[in-house]
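Every number for a ligand or one of its atoms is a count from 1 in the order of the listing. The first residue in the sequence is number 1, and the count goes up from there.
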Amino acid sequence: MGDTNNIDARSFIAAQDFILSVKTYWTTKLYPQLDRNAPIEKVKQTVDYQFFAWLERHLQRYKYSGRYGIHRFQNQFREEIIENFSDNEILILDKELNLPYYYTSVDIHQHPGGLWSDDIAGTVYERGARSTTPLGTTNHQDLHHRLTTIATPQYNPSKILDMACGFGKSTQPFYNAFPDADVVGIDLSAPCLQLAAHFAKQNQVSNVNYRQANAEHTPFKNDEFNLITSTMLLHELPPKNIKSVFAEAHRVLAPGGKMVHLDFYLVPDKFDRFIHLGHSKRNNEPFMVSFIKMDIKQILETQGFKNISIEPFEEAEGTLALDYNSWRFPWTIISAEK
Ligand SMILES: C[S@@+](CC[C@H](N)C(=O)[O-])C[C@H]1O[C@@H](n2cnc3c(N)ncnc32)[C@H](O)[C@@H]1O
């Protein structure tokens, strides 16, 4: 162990690996012990459920905050991280952008200061995202790639918008899969966009640009894109703002263009709903609850979208099988055409 201010890499990695292995136990062993056929009020009183809920809240807290937390570890490299971000010609930041209240009033995912208030937030988020959903099946990393192939069969878009691109994890499979397309990633978070642009520059990618913008009001022209996508955006927004995102997507989508959102929406089972709403509270994601209650199909119809489809999404091989019994998000693909 180093001195009390610095955390050496070995201790940090050991602590994060420990957190990840407990999270894997939580996902694959503790969750199946909950009795999904018992009345919810009874489940709530069991030690297994209380332990499950406690671990869900506090593993995430330990991951980001505290002595071996990601924030404290990365903070030691603050100057180097910021240095990497200077002068990136594929990034446009908007210093005048008003960040919406739903974005600034909660430390989303228990990320200290949210994704917007600290220059190193993108780097901290990137490290945290590596261990968000350990699955009891194949590697989770292919989720974004699976979306790219599933969302765009026999489809060859020339201009793609990734709304809420974060640090570019959801944009990357699109710019790789469509090297001739012009790809744009937007997000509210300057630190995330800086990291996204840094990764693209490091990999000498020439078909992507990033821009700081609100997905509700983008700076783009009418009919500019033929594919618009988002991954894990909608559940972070209140209903009114989700409607604005759809309306904005409709405006900037070319006639015949397609919009695809991957999010957490279809939760028909009572027990799954109980677990999901608990996750919303325990992980500081308050708008998950209102999102799953919205009639998205009807909203999209009213806004003029066609060929609307809302389907469960298999984020990794086997997770939609009936006998799959580990905790997972209710992944759903919402797609529609203009
Ligand atoms: C859970 S992250 C997902 C990031 C990325 N799509 C991925 O899959 O890794 C949600 C992202 O939405 C962004 N965000 C939230 N509200 C937004 C809005 N109104 N406009 C643009 N981005 C927004 C956040 O800054 C964050 O980067």
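Remark: minimum distance from atom 4 (C) of ligand 1 to any protein heavy atom is reached at A164 O, 3.5 Å. For atom 13 (C) of ligand 1, the closest non-hydrogen atom on the protein side is D187 OD2, 3.4 Å.
Between F313 and W331, the ring-plane angle classifies as perpendicular under the 30° and 60° cut-offs. Between F264 and F329, the angle of the ring planes stays under 30°, which puts this pair in the parallel group of the 30/60° scheme.
Residue L188 touches ligand 1 through backbone and side chain together, judged by heavy-atom distances below 4.0 Å. Using a 4.0 Å cut-off between heavy atoms, A213 contacts ligand 1 through its backbone alone, with no side-chain atom that close. Residue contacts with ligand 1, taken as heavy atom pairs separated by less than 4.0 Å, do not involve A129 at all. Neither the backbone nor the side chain of W116 comes within contact range of ligand 1; no heavy atom lies under 4.0 Å. Residue-level proximity to ligand 1 for C192 is absent, since no heavy atom of it falls below 4.0 angstrom.
No donor-acceptor pair under 3.5 Å is formed between the side chain of D118 and the backbone N or O of A121.
Close contacts between ligand 1 and Y103 involve ligand atoms 15 (C), 24 (C), 25 (O) [criterion: under 4.0 Å to a heavy atom]. Taking a cut-off of under 4.0 Å to the non-hydrogen atoms of E236, the atoms of ligand 1 that pass are 1 (C), 10 (C), 12 (O), 15 (C). Counting the atoms of ligand 1 from 1 in the order shown, those under 4.0 Å from a heavy atom of L237 are 16 (N). Against a heavy-atom cut-off of under 4.0 Å, H144 is close to the following atoms of ligand 1: 7 (C), 8 (O), 9 (O). When each atom of ligand 1 is checked for a heavy atom of S170 under 4.0 Å away, the hits are 5 (C), 6 (N), 7 (C), 8 (O). Atom numbering of ligand 1 starts at 1 in the shown order; those under 4.0 Å from a heavy atom of N214 are 18 (C), 19 (N), 20 (N).
Using modelled atom types and a 3.5 Å distance limit, the side chains of N75 and R72 yield no donor-acceptor pair. No side-chain donor from either of S170 and H144 sits under 3.5 Å from a side-chain acceptor of the other. Side-chain contact annotation: R61 with H58, donor-acceptor N/O pair under 3.5 Å present.
Residues V289 and Y265 do not share a hydrophobic cluster, clusters being chains of Ile/Leu/Val/Met/Phe/Trp/Tyr side chains in contact below 4.5 Å.
Look at Y102 and you'll find a heavy atom under 4.0 Å from some atom of ligand 1. Residue contacts with ligand 1 include H109, since one or more of its heavy atoms lies under 4.0 Å from the ligand.
Ring centroid separation for the pair Y64 and H71 does not come in under the 6.0 Å cut-off.
Salt bridge annotation for D269-R36: present, with a cationic side-chain nitrogen under 4.0 angstrom from a carboxylate oxygen.
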